[in-house]
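Worksheet: one structure, shown below.
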Amino acid sequence: MRASRFHLATLKETPVDAEIISHQLMLRAGMIRRHAAGIYSWLPLGLRILRKVEQIIREEMDRAGALELLMPSFQPAELWQESGRWDQFGPELLRLRDRHDRDACIGPTHEEIVTDIFRREVNSYRQLPLNFYQIQTKFRDEIRPRFGVMRSREFIMKDAYSFDIDKEGMQRSYDIMDQAYINIFDRFGLDYRAVSADSGAIGGSTSQEFHVLADSGEDAIAFSEQGDFAANIETVEALPPRIERSAASAEMQTVDTPGMYTIEDLANGLGVSAQQCMKTLIVEAEDGGLVALVLRGDHELNALKAERLDGVASPLRLAQREQITATLGSDIGSIGPIGLNLKTIVDHSAAVVGDFVCGANQDDKHFINANWGRDCEEPVKADIRNVVDGDPSPGSTGQLKILRGIEVGHIFQLGQKYSESMQAAVLDENGKGIAPFMGCYGIGVTRVVAAAIEQNHDAQGIIWPAALAPFQLAICPINYHKSEVVKQATDDLYQQCLTRGLEVFLDDRALRPGVIFSDMELIGIPHRIVLSERGITAQQFEYKGRSDDSAQELPLDELKTFVDKLYPDQCAPG
RNA sequence: CGGGGUGUAGCGCAGCCUGGUAGCGCAACUGCUUUGGGAGCAGUGGGUCGGGAGUUCGAAUCUCUCCACCCCGACCA
């Protein structure tokens, strides 16, 4: 591709409303443009990358025996009413009505459609197992779309659905997809982790997420460095500490703590560690009342664990400040478990702390040297916190390490939820109708592109892994339009690359070298060759890999073989 | 949805308080010079000042209203 024939649409300035680096770089590189909140066009450069991602997915899905099809975005309401999700789904489901006043939606996912296809097309267990997939545009009317294509309303997803006659078959299909996903993410060339996850509202027993690791990731994942345990932090059990509670050493006292509202204030103000302080959170109870949850000051509440507790409202809701002050008589910031007239549940780690600091349930007062069992009743204990770095790994050896990730893939076992509600049955060998066991498998295609950038960039721009790069090699001639020798050498090299099927980008624009270099680095092409009059006179060309610190000068007569060696796969044999 | 904020040229912004008919930088276009890290000079084009209503002789500016977009939303107890 010649730059002069391409729509290279780079921006020098960073658009103000792009908060995260991938969004900024995608806009600056001219990959995407926004039309409305969470609605983007993919410009030619961005689309090339998107297609790379899709192609890898397609090849590996095909290899795993899945069959590609294409389902509609516009979906009739009847199917959603059959599955029951027309009423269950919140406002994320974009509903609309056609000219005949028929209800419909723009599909956020395709279980209903694929089940409808299945029940019309498949009648016999002999046709199973079966796995249909598509790469298609989804629409979810997010409350707050942000981070560019990371969380947009319209996005491209690969979704696959497997059908089996029994659970064992479903497990086999799931395992095949698990392996296919590993192959896909390996081929992307990204640093990722597969972790076990909460199956959430979709149901089913087994579920795994695939996360691209990046410090900016919205999810925390925990894994054992010694064992093979890895899971989304929201699902990880915090094992109760093995140690006994430390003994009380002093009488409980009340101290004045004006202006100290947070654990940090308190720890600094009293000169104790956050671990020594109790964090008391007030949440809504099922019956409309309140429940107190007590954590060690340095720990965080795990909402999933908390909402499963007896008596706690699900989904978890923190109590309104007004309700707290009205019920307890003291403001938030001074609440503690001692003398608190509420159902109280204490995290295991908080329950072994002796001589702790906690709110005194009077404004601007805290207790010090408080002790469980002495100053109040023995606590009701539960696991309600997120695990932290260094916690013991459940079901495995070693300690947990916490990393941040971006969820780009999720595989589930659905069971018979949709096949039963939508009456999709096949006949088994005895001629009896059986609702098949389904699995569903998603990859956020557009999100993979953004995640790849979050993980791989520098001050100059994007650094694509080779498998996702829009072009493999940038040829940057200096004075292409002035120097006949430069033009000659450049055209020769360009022609050679085209012949070899190499995806090459020739920047033949009549621009100053600095502009060309900056653009090539911004759009992240992995390799760069510079041809200049100066170099050619010295019988040299310059090469620089995108993440190399500096360029190297190499003999001009090795240029052809050098390029061939860069891409052995793409070179013609011999 | 609640709270806060912003809408002026493709992008980034000033002008608004104190009303007088719109400006800067980048980008674009033309010409000349320049050519190894986002050039210089000269010139050109481009704006319903988010929409509507109102006040006024006169509104980007004041008032009302609608819209769009952005940010924050529980770890604080």
Side-chain angles (χ1 to χ4, degrees), chain A residues 9-20 23-24 27-28 30 33-39 90-91 142-148 220 257 260-266 274 277-284 290-303 306 315-321 323-325 327-328 330-337 340 342 347 357-361 363-364 366 384-386 388 460-461 476-483 486 509-522 528 530-535 540-542 544 550-551 553:
Chain A
T10 55
L11 304 175
K12 212 188 287 189
E13 293 180 76
T14 301
V16 276
D17 25 328
E19 293 180 80
I20 60 167
H23 189 197
Q24 293 172 1
L27 288 168
R28 286 193 54 210
R33 291 291 186 253
R34 192 182 70 93
H35 300 284
I39 302 291
E142 296 279 351
I143 310 177
R144 200 178 150 204
R146 55 179 153 171
F147 305 142
T257 51
M260 300 184 201
Y261 302 117
T262 67
I263 294 293
E264 199 186 348
D265 294 341
L266 202 57
C277 302
M278 291 299 130
K279 181 192 283 191
T280 308
L281 301 166
I282 308 297
V283 300
E284 292 185 5
L290 300 176
V291 176
L293 304 176
V294 181
L295 294 158
R296 221 168 72 184
D298 58 327
H299 285 154
E300 288 186 357
L301 182 68
N302 179 303
L316 185 75
R317 300 219 325 153
L318 284 160
Q320 296 297 310
R321 190 182 193 135
Q323 193 181 358
I324 294 174
T325 46
T327 311
L328 303 180
S330 63
D331 200 359
I332 59 176
S334 302
I335 296 171
L340 187 66
L342 276 186
D347 185 71
V357 175
C358 67
N361 302 313
D363 286 349
D364 297 328
H366 280 77
I384 55 173
R385 70 176 172 96
N386 279 336
V388 295
Q460 271 61 52
C476 304
I478 312 275
N479 281 330
Y480 182 80
H481 293 269
K482 284 244 175 106
S483 164
V486 169
R509 296 175 297 173
L511 293 172
R512 301 167 68 82
V515 179
I516 291 176
F517 295 154
S518 306
D519 273 351
M520 294 305 102
E521 282 160 1
L522 175 60
R528 180 183 87 189
V530 179
L531 293 170
S532 67
E533 209 162 67
R534 192 180 76 194
Q540 285 181 327
F541 71 95
E542 178 193 297
K544 184 172 178 293
S550 56
E553 298 290 338

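Chain letters run A, B, ... following the sequence lines, proteins first and then strands; every chain starts at 1.
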Taking a pair to mean Watson-Crick or G-U wobble geometry with both distances below 3.5 Å, B:G12 pairs with B:C24
For a 4.5 angstrom cut-off between non-hydrogen side-chain atoms, does A:Asp519 reach A:Arg509?
yes
From CD of A:Gln460 across to P of B:G38 the rounded distance in Å is 12 Å
List, with names and distances, any nitrogen or oxygen atoms from the protein found under 3.5 Å away from nitrogen or oxygen atoms belonging to nucleotides 26-35 of chain B.
| residue | atom | partner | partner atom | Å |
| --- | --- | --- | --- | --- |
| B:U34 | O2 | A:Arg512 | NH1 | 2.8 |
| B:U35 | O2' | A:Asn479 | OD1 | 3.1 |
| B:U35 | O2' | A:Asn479 | ND2 | 2.7 |
| B:U35 | O4 | A:Lys482 | NZ | 3.0 |

Mind calculating the distance between CD (A:Glu142) and P (B:C70) to the nearest angstrom?
13 Å
In the strands shown, is B:C1 matched to any nucleotide by a Watson-Crick or G-U wobble pair with both distances under 3.5 Å, and which?
B:G73
Categorize A:Leu328 for me: base, sugar-phosphate, or nothing, with a 4.0 angstrom heavy-atom threshold over every strand shown.
nothing
Any A:Val486 side-chain heavy atom under 4.5 Å of A:Ile478 side chain:
no
Can you tell me how far the CG atom of A:Asp363 sits from the CD1 atom of A:Ile335, to the nearest 0.5 Å?
9.0 Å
Please determine, for B:C29, whether a Watson-Crick or G-U wobble partner exists with both distances under 3.5 Å, and give it or none.
B:G43
Atom CD of A:Gln24 to atom C1' of B:G12: distance rounded to whole Å?
14 Å
A:Glu533/A:Lys482 ion pair, N-O < 4.0 Å
no
If pairing requires Watson-Crick or G-U wobble contacts with both distances under 3.5 Å, which nucleotide is the partner of B:C64?
B:G52
Inter-nucleotide C1' distance (B:A39, B:G25), Å rounded
16 Å
Please give the distance between the P atoms of B:C26 and B:U18 as a whole number of Å.
34 Å
Here the distance between atom C1' of B:C69 and atom NE2 of A:His35, to the nearest Å, is 15 Å
Please report, rounded to the nearest Å, how far the P atom of B:C70 is from the CD1 atom of A:Ile39.
11 Å
Rounding to the closest angstrom, what is the interatomic distance between B:G50 and B:C69 at atom C1'?
10 Å
So CG of A:Asn479 and CG of A:Leu531: to nearest 0.5 Å the spacing works out to 12.5 Å
P gap between B:C70 and B:C76, integer Å
27 Å
Distance, P atom - from B:A9 to B:C24, rounded to whole angstrom:
14 Å
What distance, rounded to whole Å, do you find between the two C1' atoms, one in B:C16 and one in B:C32?
41 Å
Nucleotide of B:G38, B:C71, B:C70 approaching A:Ala37 most closely (side-chain heavy atoms):
B:C70
Distance-only donor-acceptor test, A:Arg509 side-chain atoms vs B:G38 base atoms, 3.5 Å
no
Are the side chains of A:Phe517 and A:Arg528 in contact, using a 4.5 Å heavy-atom criterion?
yes
Any heavy-atom pair between the side chains of A:Arg34 and A:His23 that's under 4.5 Å?
no
Taking the side chain as every heavy atom from C-beta outward, state whether A:Thr257 and A:Asp265 have any pair of such atoms under 4.5 Å apart.
no
Could you check whether A:Glu521 gets within reach of a base, just the sugar-phosphate, or nothing at all, counting any heavy atom under 4.0 Å?
base
Just wondering, do A:Leu522 and A:Arg28 contact through their side chains at under 4.5 Å, heavy atoms?
yes
Base, sugar-phosphate alone, or nothing: which one does A:Ile516 contact when heavy atoms must sit under 4.0 Å apart?
nothing
If the test is side-chain contact (heavy atoms from CB on, under 4.5 Å), which one of A:Leu295, A:Leu266, A:Asp298 qualifies with A:Cys277?
A:Leu266
Output the rounded distance in Å from CG (A:Leu522) to C1' (B:G37).
14 Å
What's A:Arg146 touching, base or sugar-phosphate or nothing? Going by heavy atoms closer than 4.0 Å.
sugar-phosphate
Using the C1' atom in both, what is the distance from B:U8 to B:C75, to the nearest Å?
42 Å
A:Leu301 side chain near A:Leu316 side chain, heavy-atom distance below 4.5 Å
yes
Distances under 3.5 Å only, N/O to N/O: pair up the protein atoms with those of nucleotides 75-77 of chain B.
| residue | atom | partner | partner atom | Å |
| --- | --- | --- | --- | --- |
| B:C75 | O2 | A:Leu301 | N | 3.0 |
| B:C75 | N3 | A:Leu301 | O | 3.4 |
| B:C76 | O3' | A:Tyr261 | O | 3.4 |
| B:A77 | OP1 | A:Ile263 | N | 2.1 |
| B:A77 | O3' | A:Ile335 | O | 3.1 |
| B:A77 | O2' | A:Gly333 | N | 3.2 |
| B:A77 | O2' | A:Ile335 | N | 3.4 |

Separation of the P atoms in B:U6 and B:U63, to the nearest angstrom:
14 Å
Give a yes or no on whether a donor-acceptor pair under 3.5 Å exists between the nucleobase atoms of B:G12, that is its base, and the side chain of A:Arg28.
no
